[in-house]
Every structure is written in C-alpha cells, then in structure tokens.
Engineer: 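My questions all concern the structure below.
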Protein chains: 2
Amino acid sequence: MLEFAVLGLLADAPMHGYELRKRLGGLLGGLRAFSYGSLYPTLRRMQAAGWITETGSGVAPPTSGLRPKRARVVYQLTAQGKEHFADLLADASPPSWADDRFDVHLAFFARTSAEVRLRILQGRRRRVADRRDGMRASLGRARERLDRYTRELAEHGLESADREVRWLDELIAGEQADTSSEAARPAMGPQPQPHHP
Amino acid sequence: MLEFAVLGLLADAPMHGYELRKRLGGLLGGLRAFSYGSLYPTLRRMQAAGWITETGSGVAPPTSGLRPKRARVVYQLTAQGKEHFADLLADASPPSWADDRFDVHLAFFARTSAEVRLRILQGRRRRVADRRDGMRASLGRARERLDRYTRELAEHGLESADREVRWLDELIAGEQADTSSEAARPAMGPQPQPHHP
DNA sequence: GTCATGTTATATCGAAACGATACGTGAACA
DNA sequence: TGTTCACGTATCGTTTCGATATAACATGAC
C-alpha cells in the first residue's frame, strides 16, 4: 500500500523521501503514519522494479555554498511507474476493498474512473456491512456475559462499522447521482444488494 | 500485541491454536483478525520465552477410536507467563496508548487495577485528542483545495477521532464516578487536562 | 455409495510494515 | 555558547500479514 501511495504522490511531482513521508501523513487526514522503516525499503524496492528513478537534480538543499556530504535524493516516476499506477487505479478487485488499501485508493479517487469508483465503493460497503453484521450477531449472543469494558469496546466497534457503512452509502449515492445526471436517466432508489456471490 | 492477547486468553483456560484464533476474532468485537501467519510463530516465541507450554492432554479430538496423525497441541500458561501477563496488565506507560495495544488491554480491563485503568484511559484520550486536533488544523488549512473524496476521507477520519474522544470521556467519567463513590469524595467535574508535558 | 463441500486443525513462506534509533547539517534562540 | 528543533537519509531486529499446503472427518446431494 505504501507503494500505491508513493506512486500517487510522485505522480504529482518529484520528491525526496522526507517530503514523501510528511505528505503521507496528510494523505488520510492523519490516519496511518508510515514510518521511515517502511518508506526507504519501499523506495528501493520500487526503484529495483523500475517504477521510480533517482534524479540528482532537485533544488539544492539550502546550503550556502558547501554541498553536504549526503545530498537529497529526489525520486520521480518512470514510464513503467506511471503505467503501474494506472493499473492500480483501475483495479477494483476484492483486495482493493481491504482496510488498508481502500483509503489509499480513495485518496486518489479523483484520478479514478467513475466506473471503478463505484465498484470499489460497493465492494467496500459489502465488506464492512458483513463485518458489522457479524459483530452485531456475536454481540447479541454474548452481551449478557460480557464485562463492562469488553461490552463498551464491542459496542463502540459496532457503531464505528455502522457509521462507515452509512458514510459509504452517501458516497455511493453521490456517485449514482452523478452517473444518472450524466446519462439523463431517471433517478432510482438504492439497488438491493445481492449478498455473497 | 498478539502476545498480550494470547496470554489473556490462556489465562482463562488452556487452548489450542485454532481455538485461540477464533477467540481472537471476537476479542475486539471483530476488529483486528490476527492470521495464522502471526499466531503460530508467536506461540513458538512465547514457548521459547517460557511463558507457555504444550500439554499433550486436552480433550482428544473427536476421532472415533483412531488417534489422528497430528494431535492437537494444547497450550497453557506457565508461572512466568502469568507473571508476565500481570506485568502487562499493570503497564500504563505511553506505548500502552498505541492504537493496536490499547484495545487489547481494554479487553482485559476487568483484570486491571482501577488506577492503571484510569491512567491508560487518560493517556489514550490525550493521544487521540492530539491526533484529532492535528487533523482539524490541517483540514481547516487545506479544505478549499481538496477534491471531494480526499475531503470526505479527512472529514470522516476527523469525526471518528472525535467520536473516540467522546467515548473515552464517558469511560473516564465512569471510572471517576466509581472511584469517588468508593472514597466517598464529593463529585467533581472533568479536570482540565494539562497539555504536553 | 461416493463425491463435493465445509469445518476443524497445524503449519510455512516471502513480503511488508513497524518502532526505535543513528548520523549529519543547519538555523533559532537563550 | 550551547541546546534544541527542523531537515534529511538510513538501518536494525521484530512483528504481522496474506496466501497457501496438508490432512482428518462430517454432512448432505446425487
């Protein structure tokens, strides 16, 4: 996932590691940090894969005359890197609904086709709703014999999942409104979701 | 963290891996799964550390007469394991406020002293509130030039953090109510929290 | 009857991410 | 002058993940 995020950030502009790290923090509104321990190995992996290259260029560090021992390393996307990023953007397969991948992709939704956006939102919705239902069921079964804290935890988790489902419903509704206005189709209510393929 | 959770589960009753895995799923009301790829290595680590031992006993698998090639491996806590678990339960240092550790500890709060419970809840509250404030600040700064999806993501994240803070406040209020009724002290309003030590 | 499917159960693999920390430069400020 | 802070690259060992292999047995369909 870090890989996905890095591709997306470098698609905007070449950058060095420290800058990437700072922006990664902002990407999800502060969720998910990504430490240097992940970042630098990832950059090397991506370089080995041919998705990014170092460029010696980049604005020289604000050194007054003296060049520092270790210069900034600025990375930029290669053609293959752009291609790979495009592939990731277009991927709406089940793994893209995972917790850690979904929000990264969402951060690049503006660059994702409407069709893929909708499929991912729906897939994600199904996944979170399933989890929520599982939580609700096991909480219903167990509620009596749970101590206060375990029950609080379970209930808070359940509410969070529930909130996420409603949030996704709003996003989906937004997508469908866009689509139907584009296609000049009459507005339609939420489609009943077929469950488990 | 898996280690903490396993200690807590085995403190209740000896168990084999598969059973542990199922219960781990329920621990946080369905949040955080813990795959086998984590579990079995962890069990071996813990065994090497002397916190758990295998017991050949355990109810025989429902084999009618024939013993299976590979018997169940039932694990139980050693004395050192119990000690280590007690240490973890009593630990209210900053790492215990981390996302992945807090909820595991919360699941065992019934076995944690009131004093430690309060310190952890307060530490956690401070951490989440700080993150929330950071989110709010960067969202305020950036809101205009964010595309719809990035903004939705940031706003949803912010609301989640906000909800968690309020939830923690309720838990803390509950703790303080308990404490003050025990000590027969007059009820007092929420203490203003000193910020950053 | 036997054949697909599902559950119980143990286990390993490589890849990915983490937290802490080291090292170094320069600016700000007390 | 010294100390603290922001910038910047980097590595270490540890933990966790996801996918997958293997195998015994149970259930129900055909």
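Atoms considered below: every heavy atom in the structure, side chains included; atoms not considered: hydrogens, waters and symmetry mates. Naming: A, B, ... by sequence-line order, numbering from 1 per chain.
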Engineer: Please verify the inter-ring angle class for A/Phe102 with A/Trp167; under 30° counts as parallel, over 60° as perpendicular, anything in between as tilted.
Structural biologist: perpendicular

Engineer: Fit a plane to each ring of B/Phe4 and B/His105, take the angle between them on a 0 to 90° scale, and name the class: parallel (under 30°), tilted (30 to 60°) or perpendicular (over 60°).
Structural biologist: perpendicular

Engineer: Looking only at side-chain atoms of A/Arg72, point me to the closest of D/dT9, D/dT11, C/dT10.
Structural biologist: D/dT9

Engineer: In whole angstrom, what separates B/Glu54's CD from C/dT10's C1'?
Structural biologist: 11 Å

Engineer: Within 45° of the six-membered ring axis of B/Phe109 and under 6.0 Å from that ring's centre, is NZ or CZ of A/Arg148 located there?
Structural biologist: no

Engineer: Round to a whole Å and report the spacing from CE of A/Met15 to C1' of D/dC7.
Structural biologist: 16 Å

Engineer: Donor-acceptor check, side chain of A/Thr42 to backbone of A/Ser38, threshold 3.5 angstrom: yes or no?
Structural biologist: yes

Engineer: Side chain of A/Tyr18: nearest nucleotide among D/dT9, D/dA10, C/dT12?
Structural biologist: D/dT9

Engineer: Consider side chain to side chain donor-acceptor pair (under 3.5 Å). Of A/Asp103, A/Asp99, A/Asp100, which one does A/Arg32 pass it with?
Structural biologist: A/Asp103

Engineer: Which whole-number value in Å describes the distance from B/Lys22 NZ to C/dT10 C1'?
Structural biologist: 14 Å

Engineer: Between C1' on C/dT10 and CD on B/Gln47, what's the gap in Å once rounded to a whole number?
Structural biologist: 13 Å

Engineer: Would a hydrophobic clustering, with Ile, Leu, Val, Met, Phe, Trp and Tyr connected at side-chain separations under 4.5 Å, put A/Tyr40 with A/Leu7?
Structural biologist: yes

Engineer: Once you round it to whole Å, what is the distance between P of C/dA20 and CG of A/Leu39?
Structural biologist: 17 Å

Engineer: Is it true that, when you exclude B/Glu115 itself, more than 12 heavy atoms of the residues, nucleotides or ligands shown sit nearer than 6.0 Å to its CD?
Structural biologist: no

Engineer: Between atom CG in B/Leu43 and atom P in C/dT12, what is the gap in whole Å?
Structural biologist: 12 Å

Engineer: Please check the phosphate of D/dT9 (OP1 and OP2 only) for any side-chain N or O of A/Tyr40 closer than 4.0 Å.
Structural biologist: yes

Engineer: Is atom CZ of A/Arg101 surrounded by more than 12 heavy atoms (other residues, nucleotides or ligands) closer than 6.0 Å?
Structural biologist: yes

Engineer: Could you walk me through whether A/Arg166 and A/Glu170 pass the salt bridge (charged side-chain N to carboxylate O under 4.0 Å, His left out) test, one step at a time?
Structural biologist: CA-CA 6 Å; A/Arg166 287 198 301 270; A/Glu170 281 172 40; over 6 Å; no

Engineer: So if I take residues 82-94 of chain B and measure heavy-atom distances to DNA chain D, which residues fall below 4.0 Å?
Structural biologist: none

Engineer: Reading nucleotides 12-20 of chain D 5' to 3', which nucleotides get B (base under 4.0 Å from a protein heavy atom), which S (sugar-phosphate only), which -?
Structural biologist: ---SSBBB-

Engineer: When the distance from CZ of A/Phe4 to P of C/dA16 is rounded to whole Å, what number comes out?
Structural biologist: 15 Å

Engineer: Atom CZ of A/Arg21 and atom C1' of D/dA6: how far apart are they, to the nearest Å?
Structural biologist: 13 Å

